[in-house]
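Below is one structure, written out as structure tokens; comments come after it.
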Protein chains: 2
Amino acid sequence: MGATKTEHFTDRQNAIATLAKALGHPARVAILEYLMKVDSCICGDIVNELPLAQPTVSQHLKELKNAGLIRGSIEGNAICYCIDEKALDKLQSYFAKISTKLEKKKSNCC
Amino acid sequence: MGATKTEHFTDRQNAIATLAKALGHPARVAILEYLMKVDSCICGDIVNELPLAQPTVSQHLKELKNAGLIRGSIEGNAICYCIDEKALDKLQSYFAKISTKLEKKKSNCC
DNA sequence: CAATTATATTGCAATATTACGATAAAGATT
DNA sequence: AATCTTTATCGTAATATTGCAATATAATTG
């Protein structure tokens, strides 16, 4: 055991979980926010912004990329990372939908 | 190593990461959606809805509760779980803010 | 082409998560 | 009170994550 039983859940549930999991670490939230802050996707220097060693940051970037939250394009010998809006829109619309549904119900319980 | 260095990040970043992490497993997304679907917070039978053993579900519920996404109240010998709207509003407004910011920028890169 | 710069990968240790059987706890039912 | 129902906890195995030093890779500069 120890491995998530993804096959038992819907694609949609797995997709949301994958995105959420990618943001389930403060370093990755910080990376996202840094990419938001700088106007264009400044290449590099994400490492300098974070209180973590370069290999660790590289790994977090990889996870964000695997989840589809950021893209990286080679720019000389540096790499230019930027946010993938589609993934964030997915999260945004998911939670927006939930919030409006909750609004309607105004929980008749607890 | 292996432990997240939360102390190096802002409270806000940690808070978002905690909520996101809690939804970083499809079973917990499924639980949330089930609680949305049933009108009132039906007590019990979450176990029957999920393809996981009872102790596993109990553990997932605990994590959702610890993250503040759900609340549980004792109702006889059963327990009535329901969504905590505040936590979901936090996520909703976070991603809404990000989406509008991204909209404005229309990424001048990559 | 040697040295530098920027990022990725490897390998590994520490810790966390996932899953479940067995069992406990606590109220409900008979 | 004995049993049933419902949920939690314990113990444990399998796997995943986090973090970093060392090293590799690849483009850039001198």
Side-chain angles (χ1 to χ4, degrees), chain A residues 1-9 13-14 17-31 34-35 41-67 69-82 110, chain B residues 1-9 13-14 17-31 34-35 41-67 69-82 110:
Chain A
M1 291 104 227
T4 294
K5 295 189 160 181
T6 51
E7 68 276 13
H8 293 314
F9 302 97
Q13 286 166 345
N14 281 311
T18 298
L19 290 174
K21 190 176 185 179
L23 290 178
H25 191 293
R28 296 195 286 268
V29 173
I31 290 172
Y34 180 66
L35 288 176
C41 48
I42 297 246
C43 311
D45 67 26
I46 296 175
V47 172
N48 305 319
E49 284 294 313
L50 294 189
L52 295 168
Q54 180 267 323
T56 308
V57 174
S58 186
Q59 198 175 289
H60 282 307
L61 286 166
K62 193 178 176 183
E63 268 165 82
L64 285 169
K65 204 165 58 179
N66 286 342
L69 279 160
I70 64 174
R71 285 190 310 270
S73 57
I74 299 166
E75 197 89 9
N77 70 336
I79 291 188
C80 169
Y81 281 109
C82 60
C110 304
Chain B
M1 289 107 229
T4 294
K5 296 189 158 180
T6 51
E7 67 277 14
H8 294 314
F9 303 98
Q13 286 166 346
N14 281 311
T18 299
L19 289 174
K21 189 175 184 178
L23 290 178
H25 192 293
R28 296 195 286 267
V29 172
I31 289 172
Y34 180 65
L35 287 177
C41 49
I42 297 250
C43 311
D45 67 25
I46 297 176
V47 171
N48 306 320
E49 285 293 314
L50 294 189
L52 295 168
Q54 180 267 323
T56 309
V57 174
S58 186
Q59 199 173 287
H60 282 307
L61 286 167
K62 193 179 178 184
E63 268 165 80
L64 284 170
K65 204 165 59 179
N66 286 343
L69 280 160
I70 65 174
R71 286 190 310 270
S73 57
I74 299 166
E75 197 89 9
N77 69 338
I79 291 190
C80 168
Y81 280 110
C82 61
C110 305

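Convention: sequence-line order gives letters A, B, ...; per-chain numbering from 1. None of the values given here were measured: they were computed from a predicted structure.
Comparing atom distances between the His25(B) side chain and each of dC20(D), dT18(C), dA8(D) picks out dT18(C) as nearest. Of the candidates dG19(D), dT9(C), dA6(C), the closest approach to any side-chain atom of Lys62(A) belongs to dT9(C). Distances from the side chain of Leu52(B) to the nucleotides dT7(D), dC20(D), dA19(C) place dA19(C) closest. The listed nucleotides are dT18(C), dT9(C), dG21(C); the one nearest the side chain of Thr4(A) is dT18(C). Residue Ser58(A) places its side chain closer to dA8(C) than to any other of dT7(C), dT9(D), dA8(C).
Taking the six-membered ring for Trp and thresholds of 30 and 60 degrees, His25(A) and Phe9(B) have ring planes more than 60 degrees apart, a perpendicular arrangement.
For the pair Gln54(B) CD and dT23(C) P, the interatomic distance rounds to 15 Å; values are reported in whole Å. If you take CD1 of Ile74(A) and C1' of dT5(C), they are 15 Å apart, rounded to a whole angstrom. Taking atom CD on Glu7(B) and atom C1' on dG19(D), their separation rounds to 12 Å, with Å as the unit. Spacing between atom CG of Leu61(B) and atom P of dT17(C) amounts to 16 Å, rounded to whole angstrom units. Atom CD1 in Ile79(A) sits roughly 15 Å away from atom C1' in dT28(D) (whole-Å rounding). Atom CG in Asn66(A) sits roughly 14 Å away from atom P in dA16(D) (whole-Å rounding). Taking atom CG of Asn77(A) as the reference point, atom P of dA27(D) lies 9 Å away to the nearest angstrom. In this structure, Arg28(B) places its CZ atom 12 Å from C1' of dA16(C), rounding to the nearest Å.
Residues Leu61(B) and Lys65(B) fail the side-chain proximity criterion, which asks for heavy atoms closer than 4.5 Å. Residues Thr4(A) and Asn14(A) fail the side-chain proximity criterion, which asks for heavy atoms closer than 4.5 Å.
The phosphate of dT6(D) has neither OP1 nor OP2 within less than 4.0 Å of any side-chain N or O from Tyr81(B). In this structure, His60(B) does not reach the dT17(C) phosphate: none of its side-chain N or O atoms is under 4.0 Å from OP1 or OP2. For the OP1/OP2 pair of dT17(C) and a distance below 4.0 Å, the side-chain nitrogens and oxygens of Lys21(B) include at least one atom meeting the criterion. Put simply, Thr56(A) has no side-chain N or O that comes within less than 4.0 Å of OP1 or OP2 on dG19(D).
Note that CG of Asn48(B) and CD of Gln54(B) are 10.5 Å apart. Values are rounded to the nearest 0.5 Å. Taken from CG in Leu52(A) to CD1 in Ile46(A), the straight-line distance is 12.5 Å, to the nearest 0.5 Å.
Residues Gly24(A) and Val57(B) both approach DNA chain D. Their nearest nucleotides, taken by heavy-atom distance, put Val57(B) toward the 5′ side.
Backbone-only engagement by Glu63(B) is indicated by non-hydrogen atom pairs under 4.0 Å involving sugar-phosphate atoms exclusively.
Side-chain to base pairing of Gln59(A) with dA8(C): no donor and acceptor N or O lie closer than 3.5 Å to each other.
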